[in-house]
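The next block holds one structure in the form of structure tokens; read it before the comments.
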Amino acid sequence: MALTGRAALLAALGSLPVGIWEPSWTGILAVNAPLAVACACDFALAAPVRRLGLTRSGDSSVRLGDTADVTLTITNPSRRTLRAHLRDAWPPSSWLPGTETTASRHRLTVPAGERRRLTTRLRPTRRGDRQADRVTIRSYGPLGLFSRQGAHKAPWTVRVLPPFTSRKHLPSKLARLRELDGRTSVLTRGEGTEFDSLREYVPGDDTRSIDWRATARQSAVAVRTWRPERDRHILLVLDTGRTSAGRVGDAPRLDASMDAALLLAALASRAGDRVDLLAYDRKTRALVQGRTAGDLLPSLVNAMATLEPELVETDARGLTATALRTSPRRSLIVLLSTLDAAPIEEGLLPVLSQLTQRHTVLLASVADPHITEMATARGDVDAVYEAAAAAQAQSERHRMAEQLRRHGVTVVDATPDDLAPALADAYLALKAAGRL
């Protein structure tokens, strides 16, 4: 078999005759001198690494589950051609498992005085900021016998935003909102409704809506119709304490709460309501206030991107005080937290009256679908014990929910896939009942 390139050179150099006598320094030098000269020449012709110029461009944000392309521009200012292997290092969570090697390693050739662009495609598996590490370059000579290696810093940050998977429910919720918002008039008047128009009475209408003065001016009974008020204030409160770190399926509870908060924010902003966000455990982790409807969702996803559950018990008194300072006027406070017994009984219930006296309070909690599966399990002793434990856990959550409802709190308890639409439905129900 014929050999080419570096293999042929090494084979030719290795085939020089060597006697069976005791080797001398002269003999060793005679045999290895050609190889040493070839290696020295190859090393000398390898382009220097330290003088290379590296700059980045490309995507600076991406939704979780999507791909981001970051372009690395390599400028070769030397007089030698750069033949190199390059590794563009990023945190392990920047790629799907098993794809890092192929995605981060490149081969390139840059003639003297020119530049080339390489694109590294990221597909992050976690929210937050992903910062580029060092770029390692190994420059080879023409024969590939020797190389120069060095590393460069080329800073770049890609912010991984929440995926907002519940966006698919938004059209149906907006259709329901349009029914409430004067296009199909609300026939019952509540605390949060305003006068819309008059129409003729039909059997089944609430007699409290009859306008007697208008009726006196015409031959038919006139009924007032009402529509939900706009410009109401909604405060989304994300509990980022230890209970939000519990994993349900492949993601922590906090991620499901964020998704539900985003759907509610998008819906409420279309309804003309003002939406703020507070993330809290023992201190404020994020606060978004005073955003316009067009700027609301970008501000929320940007603030949520870097949030992580904190392994501390949430300070319910501090959370309540911060929420009251953030919402001095009557508001809908949506608390995305837990229904576990200890945090509710020892933390929230003692201070809940401070919120319910001034505001309408809605608590949304992420339920574990595995508990429901366990509750229906039968067949052997282990399955029966699992079913009993699941039934006990469900009973405890129902008891906590009933306690909160007795204090005037609307409770939404749903699995991660159902939490966002269920929370949106609860908001629309409060609007339809005139409680906002």
Side-chain angles (χ1 to χ4, degrees), residues 180 186 188-195 226-241 243-244 257 260-261 264-265 267-269 271-291 293 296 300 303 313-339 343-365 400-413 422-436:
L180 297 177
V186 179
T188 60
R189 182 181 182 180
E191 181 181 358
T193 55
E194 60 184 9
F195 176 73
W226 311 90
R227 63 184 178 189
E229 289 187 9
R230 291 178 173 269
D231 199 31
R232 312 303 288 178
H233 181 244
I234 299 173
L235 177 63
L236 304 173
V237 182
L238 283 174
D239 180 358
T240 55
T243 55
S244 67
S257 297
L264 179 56
L267 180 62
S269 64
D273 293 335
R274 294 174 292 110
V275 181
D276 294 337
L277 170 72
L278 170 66
Y280 192 94
D281 42 72
R282 288 189 173 273
K283 64 179 182 180
T284 300
R285 302 291 176 178
L287 181 62
V288 177
Q289 287 182 289
R291 297 297 192 272
L296 178 62
L300 291 182
E313 196 71 44
T314 299
D315 178 10
R317 293 186 182 276
L319 184 150
T320 301
T322 305
L324 291 174
R325 286 196 304 270
T326 306
S327 302
R329 300 174 58 186
R330 183 169 183 82
S331 308
L332 170 64
I333 295 183
V334 180
L335 178 59
L336 294 119
S337 185
T338 181
L339 277 175
I344 295 293
E345 293 181 331
E346 300 173 12
L348 183 60
L349 286 179
V351 297
L352 186 58
S353 60
Q354 300 177 31
L355 292 175
T356 55
Q357 286 175 0
R358 188 184 305 178
H359 303 290
T360 302
V361 180
L362 191 159
L363 186 142
S365 181
M400 290 298 101
E402 285 303 316
Q403 285 196 38
L404 291 171
R405 292 188 180 102
R406 285 197 294 269
H407 285 78
V409 178
T410 302
V411 178
V412 175
D413 184 21
L423 181 57
D425 287 339
Y427 163 78
L428 293 172
L430 291 174
K431 233 174 169 40
R435 293 183 57 188
L436 296 185

Please examine the side chains of [Y] and [X], heavy atoms only from C-beta on, and report whether any two atoms are closer than 4.5 Å.
X      : Y      : value
Ile234 : Tyr427 : yes
Asp273 : Leu332 : no
Leu404 : Leu352 : yes
Leu355 : Leu335 : no
Thr326 : Tyr280 : no
Glu313 : Pro343 : yes

Does the [X] side chain pair with the main chain of [Y], one donor and one acceptor, at a distance under 3.5 Å?
X      : Y      : answer
Arg274 : Gly290 : no
Arg405 : Gln403 : no
Arg330 : Arg358 : yes
His359 : Ser327 : yes

Measuring from atom [atom1] of [X] to atom [atom2] of [Y], what distance do you get when rounded to the nearest 0.5 angstrom?
X      : Y      : atom1 : atom2 : result
Leu296 : Leu277 : CG    : CG    : 9.0 Å
Leu319 : Ile333 : CG    : CD1   : 9.0 Å
Leu348 : His407 : CG    : NE2   : 9.0 Å
Arg282 : Asp315 : CZ    : CG    : 5.5 Å
Leu430 : Leu362 : CG    : CG    : 6.0 Å
Ser365 : Leu423 : OG    : CG    : 11.5 Å

In terms of heavy-atom contacts, Ala316 and Val351 come closest through O-CG2, 4.0 Å
Would you kindly say whether Asp281 and Thr240 are connected by a side-chain donor-acceptor distance under 3.5 Å?
-> yes
